[in-house]
Peer 1: 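This structure is in C-alpha coordinates; I'll ask about it shortly.
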Amino acid sequence: GDLAANDYAEMAAEIERFRRRTALLGTVVGLLAAMVRGSKIEPHYDRFPEGDAKRILLRAIERAKKTLPLSAVLRITRLAASRYHSWHRGESGCDMDDQPSCPRVVSPHA
(Lines give C-alpha, C1' and ligand atoms only; values in the text may rest on other atoms or scores of the structure.)
Protein backbone atom coordinates (compact mmCIF):
# COMPACT_ATOMS: atom_id res chain seq x y z
CA GLY A 1 0.00 0.00 0.00
CA ASP A 2 2.18 2.84 1.32
CA LEU A 3 5.32 1.56 -0.41
CA ALA A 4 3.61 1.48 -3.79
CA ALA A 5 2.18 4.99 -3.30
CA ASN A 6 5.61 6.27 -2.21
CA ASP A 7 7.28 4.63 -5.24
CA TYR A 8 4.66 6.19 -7.51
CA ALA A 9 5.22 9.66 -6.01
CA GLU A 10 9.00 9.32 -6.43
CA MET A 11 8.62 8.17 -10.03
CA ALA A 12 6.22 11.02 -10.81
CA ALA A 13 8.68 13.54 -9.31
CA GLU A 14 11.54 12.02 -11.32
CA ILE A 15 9.49 12.18 -14.52
CA GLU A 16 8.77 15.85 -13.86
CA ARG A 17 12.51 16.54 -13.31
CA PHE A 18 13.26 14.80 -16.63
CA ARG A 19 10.57 16.86 -18.39
CA ARG A 20 12.05 20.11 -17.06
CA ARG A 21 15.57 19.03 -18.01
CA THR A 22 14.41 18.00 -21.48
CA ALA A 23 12.69 21.38 -21.95
CA LEU A 24 15.86 23.16 -20.81
CA LEU A 25 18.10 21.17 -23.16
CA GLY A 26 15.65 21.66 -26.03
CA THR A 27 15.78 25.39 -25.39
CA VAL A 28 19.58 25.44 -25.46
CA VAL A 29 19.68 23.36 -28.65
CA GLY A 30 17.16 25.71 -30.25
CA LEU A 31 19.28 28.75 -29.38
CA LEU A 32 22.45 27.14 -30.70
CA ALA A 33 20.71 26.02 -33.91
CA ALA A 34 19.46 29.59 -34.48
CA MET A 35 22.98 30.91 -33.95
CA VAL A 36 24.41 28.46 -36.49
CA ARG A 37 21.69 29.28 -39.05
CA GLY A 38 22.16 32.99 -38.46
CA SER A 39 25.93 32.88 -38.71
CA LYS A 40 25.86 30.84 -41.94
CA ILE A 41 27.67 27.91 -40.31
CA GLU A 42 30.54 30.02 -39.06
CA PRO A 43 31.24 28.64 -35.58
CA HIS A 44 33.44 31.60 -34.58
CA TYR A 45 31.37 34.61 -35.49
CA ASP A 46 31.74 38.12 -34.16
CA ARG A 47 28.62 39.68 -35.61
CA PHE A 48 25.26 38.97 -37.20
CA PRO A 49 25.29 41.64 -39.92
CA GLU A 50 22.15 40.53 -41.77
CA GLY A 51 18.70 41.39 -40.54
CA ASP A 52 17.36 37.90 -41.28
CA ALA A 53 20.03 36.33 -39.07
CA LYS A 54 19.16 38.73 -36.25
CA ARG A 55 15.47 37.94 -36.60
CA ILE A 56 16.20 34.18 -36.44
CA LEU A 57 18.15 34.64 -33.22
CA LEU A 58 15.55 37.02 -31.74
CA ARG A 59 12.77 34.47 -32.38
CA ALA A 60 14.87 31.75 -30.74
CA ILE A 61 15.52 34.03 -27.75
CA GLU A 62 11.80 34.74 -27.40
CA ARG A 63 11.07 30.99 -27.40
CA ALA A 64 13.91 30.35 -24.94
CA LYS A 65 12.57 32.97 -22.51
CA LYS A 66 9.61 30.64 -21.88
CA THR A 67 12.02 28.18 -20.26
CA LEU A 68 15.03 30.23 -19.11
CA PRO A 69 15.60 33.70 -17.68
CA LEU A 70 16.74 36.22 -20.29
CA SER A 71 20.12 36.59 -18.53
CA ALA A 72 20.79 32.86 -19.01
CA VAL A 73 19.65 32.99 -22.64
CA LEU A 74 22.01 35.89 -23.34
CA ARG A 75 24.92 34.06 -21.65
CA ILE A 76 24.30 31.00 -23.84
CA THR A 77 24.15 33.07 -27.02
CA ARG A 78 27.02 35.31 -25.87
CA LEU A 79 24.88 38.28 -26.84
CA ALA A 80 25.27 41.45 -24.78
CA ALA A 81 22.05 42.67 -23.18
CA SER A 82 22.53 46.08 -24.80
CA ARG A 83 22.82 44.50 -28.25
CA TYR A 84 19.78 42.28 -27.63
CA HIS A 85 17.68 45.27 -26.58
CA SER A 86 18.94 47.30 -29.53
CA TRP A 87 17.98 44.49 -31.93
CA HIS A 88 14.64 44.06 -30.17
CA ARG A 89 13.87 47.77 -30.59
CA GLY A 90 15.19 47.68 -34.15
CA GLU A 91 12.93 44.82 -35.12
CA SER A 92 9.89 47.04 -34.68
CA GLY A 93 11.42 50.14 -36.25
CA CYS A 94 14.74 50.38 -38.04
CA ASP A 95 16.05 48.04 -40.66
CA MET A 96 17.77 45.10 -38.95
CA ASP A 97 20.69 45.02 -41.39
CA ASP A 98 23.87 46.55 -39.98
CA GLN A 99 24.14 50.28 -40.33
CA PRO A 100 26.06 52.88 -38.34
CA SER A 101 23.01 53.70 -36.24
CA CYS A 102 19.27 53.89 -36.44
CA PRO A 103 17.95 57.37 -37.11
CA ARG A 104 16.80 58.98 -33.92
CA VAL A 105 13.66 60.96 -33.57
CA VAL A 106 14.64 64.44 -32.47
CA SER A 107 12.01 66.77 -31.15
CA PRO A 108 12.31 70.36 -32.34
CA HIS A 109 13.50 72.83 -29.75
CA ALA A 110 10.88 75.38 -28.78
Peer 1: For the residue pair Ala81 and Leu74, what are the closest heavy atoms and their distance?
Peer 2: CA-CD1, 3.7 Å

Peer 1: Do Glu62 and His88 have side chains that get closer than 4.5 Å, going by heavy atoms?
Peer 2: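 Touching, per the 4.5 Å side-chain cut-off.
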
Peer 1: Looking at side-chain heavy atoms only, is the closest gap between Leu32 and Thr77 below 4.5 Å?
Peer 2: no

Peer 1: Hydrophobic cluster membership, with links at side-chain heavy-atom distances under 4.5 Å among I/L/V/M/F/W/Y: are Leu25 and Leu31 in one?
Peer 2: no

Peer 1: Could you pull out the closest heavy-atom pair between Ala60 and Gly30, with the gap in Å?
Peer 2: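 The answer is CB-O, 4.1 Å.
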
Peer 1: Do the side chains of Ile61 and Leu79 get nearer than 4.5 Å, heavy atoms only?
Peer 2: yes

Peer 1: Mind checking whether Trp87 and Leu57 have side chains closer than 4.5 Å, heavy atoms only?
Peer 2: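 When only atoms from C-beta onward are counted, Leu57 and Trp87 do touch, with a gap below 4.5 Å.
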
Peer 1: Identify the two heavy atoms, one from Leu70 and one from Lys65, that lie closest to each other, and give their separation to 0.1 Å.
Peer 2: CD1-CD, 3.7 Å

